Amino acid sequence: MAERYVPNLTGIPETMLLTLHNRAAEAKRPDGILRDADCVRIYDAIQYDFERSFGKAQASHAIRAVETDRVLRQWLATHPDGFVVSLGEGLETQALRVDNGRLCWLSVDLPEAMAIRERFLPPTERLRHFAASALDRSWMDAVDASHGVLIIAQGLLMYFQEEEVRRLFADIAERFPGAELLFDTIPRWVSQQTLAGQRRTRAYRSPPMPWGINLDEVAPTLKRWHPRVTHVSKVPYVFPRGFHRAVLNTFNRLPWFRHRTPGIIHVRLADAPVPAKA
């Protein structure tokens with residue numbers, strides 16, 4: 001049996017193991033909503049006490065993966081040769097799940113995270129890697145926008161300051177007119193908990209997440225950030241079973257609560273600047 005890999009990660013990069021834990025647990029379930037053999041392969045090859053750090057696995061990141069896959073496949077149906085950029089991708093195996101044999105994919109992450117990714121997911125001619133922070137705009141130079149661009153940021157933007165998110169969003173809108181973006185958000189109360197030193201378990205403290213935004217604030221905020229925003233849709237997390245399904249799915253039907261849950265945001269940008277109002 002091959003020796004299992006022992007990762008040495010702290011801070012935000014360590015969260016790539018949390019999302020792997022949750023996705024792999026769901027993928028292993030006979031009734032799981034995510035089918036992902038590569039995720040399970042990577043999970044089983046890593047020597048790490050996932051439950052000690054993160055507790056019992058939850059379906060949240062599998063839900064995010066499934067919903068993001070759905071939007072990606074819809075986009076690829078009309079942009080089969082399109083270019084997908086995944087910011088802060090960690091050990092996500094989404095490119096393999098949705099690959100149509102024609103797309104180009106650029107995975108962007110910090111050097112220490114990318115070094116681990118390349119142990120299990122080596123780059124290819126179409127599925128490429130870029131070792132840098134998402135805030136380092138140099139990744140934009142590696143994007144071929146001639147067949148359409150979709151930019152994904154799963155579990156990333158909440159770790160930035162709001163002004164950093166705003167500037168990144170505006171730069172993407174300026175550089176890639178007509179692009180689409182797909183990212184997830186946390187509500188303000190979750191952000192405040194992490195800033196106060198939230199512990200997931202006795203052994204693990206969640207990194208601070210400065211950018212929290214309630215779902216009813218997302219569309220007006222993005223449209224204020226840049227005039228190219230023409231479409232903003234929201235997909236709340238819908239849990240497949242258990243306590244979270246009973247509680248959070250009920251919250252999603254209540255006006256006050258449904259704006260204070262995590263969400264998945266899909267944005268379309270106009271091809272040209274929107275004319276200013278007279």
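The chain is numbered in sequence order, starting from 1. Bear in mind the structure is a predicted one, so any value in this text is a computation, not a measurement.
- Not a single donor-acceptor pair under 3.5 Å links the side chain of Ser133 to the backbone N or O of Leu110.
- Proximity of a side-chain donor or acceptor of Glu26 to a complementary backbone N or O of Ile33 within less than 3.5 Å is detected.
- A 4.5 Å side-chain heavy-atom check between Arg128 and Cys104 finds at least one atom pair inside the cut-off.
- A donor-acceptor pair under 3.5 Å links the side-chain atoms of Thr78 to the main chain of Trp75, judged by distance alone.
- No continuous path of ILVMFWY side-chain contacts below 4.5 Å connects Leu17 to Met158, so the two sit in separate hydrophobic clusters.
- A side-chain hydrogen bond (donor to acceptor under 3.5 Å, both in side chains) with Arg64 is found for exactly one of Asp69, Asp184, Thr19, namely Asp184.
- Residues satisfying the ring-ring contact (aromatic ring centres under 6.0 Å, His included) criterion with Phe54, sequence neighbours excluded, are Tyr48, Tyr204.
- Between the side chain of His259 and the backbone N or O of Pro187, no donor-acceptor pair lies under 3.5 Å.
- The shortest side-chain heavy-atom distance between Glu3 and Gln47 does not fall under the 4.5 Å cut-off.
- Scanning for side chain to side chain contact (heavy atoms under 4.5 Å, CB included) contacts around Ala27 gives Asp36, Val40, with sequence neighbours left out.
- Between Glu92 and Ile152, the closest side-chain pair of non-hydrogen atoms is not below 4.5 Å.
- Between Gln58 and Leu18, the closest side-chain pair of non-hydrogen atoms is not below 4.5 Å.
- Shown here is Asp49, whose CG atom has more than 12 heavy atoms of other residues, nucleotides or ligands within 6.0 Å.
- Taking CZ of Arg228 as the start and CG of Leu222 as the end, the distance is 15.0 Å to the nearest 0.5 Å.
- A donor-acceptor distance shorter than 3.5 angstrom exists from the side chain of Ser191 to the backbone of Pro210, with no hydrogens or angles considered.
- Classification of Asp81 and Arg126 as a salt-bridged pair fails, no side-chain N sitting under 4.0 Å from a carboxylate O.
- Checked for salt-bridge contact, Glu163 and Arg167 meet the test: a charged N lies under 4.0 Å from a carboxylate O.
- Counting only distance, with no hydrogens or angles, the side chain of Thr194 and the backbone of Met209 share a donor-acceptor pair below 3.5 Å.
- From Phe83, atom CZ reaches atom CZ of Phe176 across 8.5 Å, with rounding to the nearest 0.5 Å.
- A ring pair (Phe, Tyr, Trp, His ring centres under 6.0 Å) check over residues 133-153, counting only residues at least two apart or in different chains, returns nothing.
- Annotation: the span from Leu9 atom CG to Thr15 atom OG1 amounts to 9.0 Å, rounded to 0.5 Å.
- For the pair Asp44 and Lys28, the salt-bridge criterion is met [side-chain N within less than 4.0 Å of a carboxylate O].
- For the atom pair CZ (Arg268) and OG (Ser233), the distance works out to 6.5 Å, reported to the nearest 0.5 Å.
- By the neighbour-count criterion of 12 heavy atoms within 6.0 Å, atom CZ of Arg202 is sparsely surrounded, having that number or fewer from other residues, nucleotides or ligands.
- At most 12 heavy atoms of other shown residues, nucleotides or ligands fall within 6.0 angstrom of atom CZ in Arg52.
- Counting heavy atoms from C-beta on, the side chains of Leu91 and Tyr43 never come closer than 4.5 Å.
- In this structure, Arg117 contributes its side chain and Gly90 its backbone to a donor-acceptor pair below 3.5 Å.
- Taking NE2 of His226 as the start and CD1 of Ile172 as the end, the distance is 11.0 Å to the nearest 0.5 Å.
- Two residues are said to be in side-chain contact when any heavy atoms from C-beta on lie closer than 4.5 Å; Leu269 and Val267 meet this criterion.
- A salt bridge links Asp171 with Arg137: the closest approach of a Lys/Arg side-chain nitrogen to an acidic carboxylate oxygen falls below 4.0 angstrom.
- The distance between the ring centers of His266 and His231 falls below 6.0 angstrom.
- Annotation: the span from Leu195 atom CG to Arg188 atom CZ amounts to 11.5 Å, rounded to 0.5 Å.
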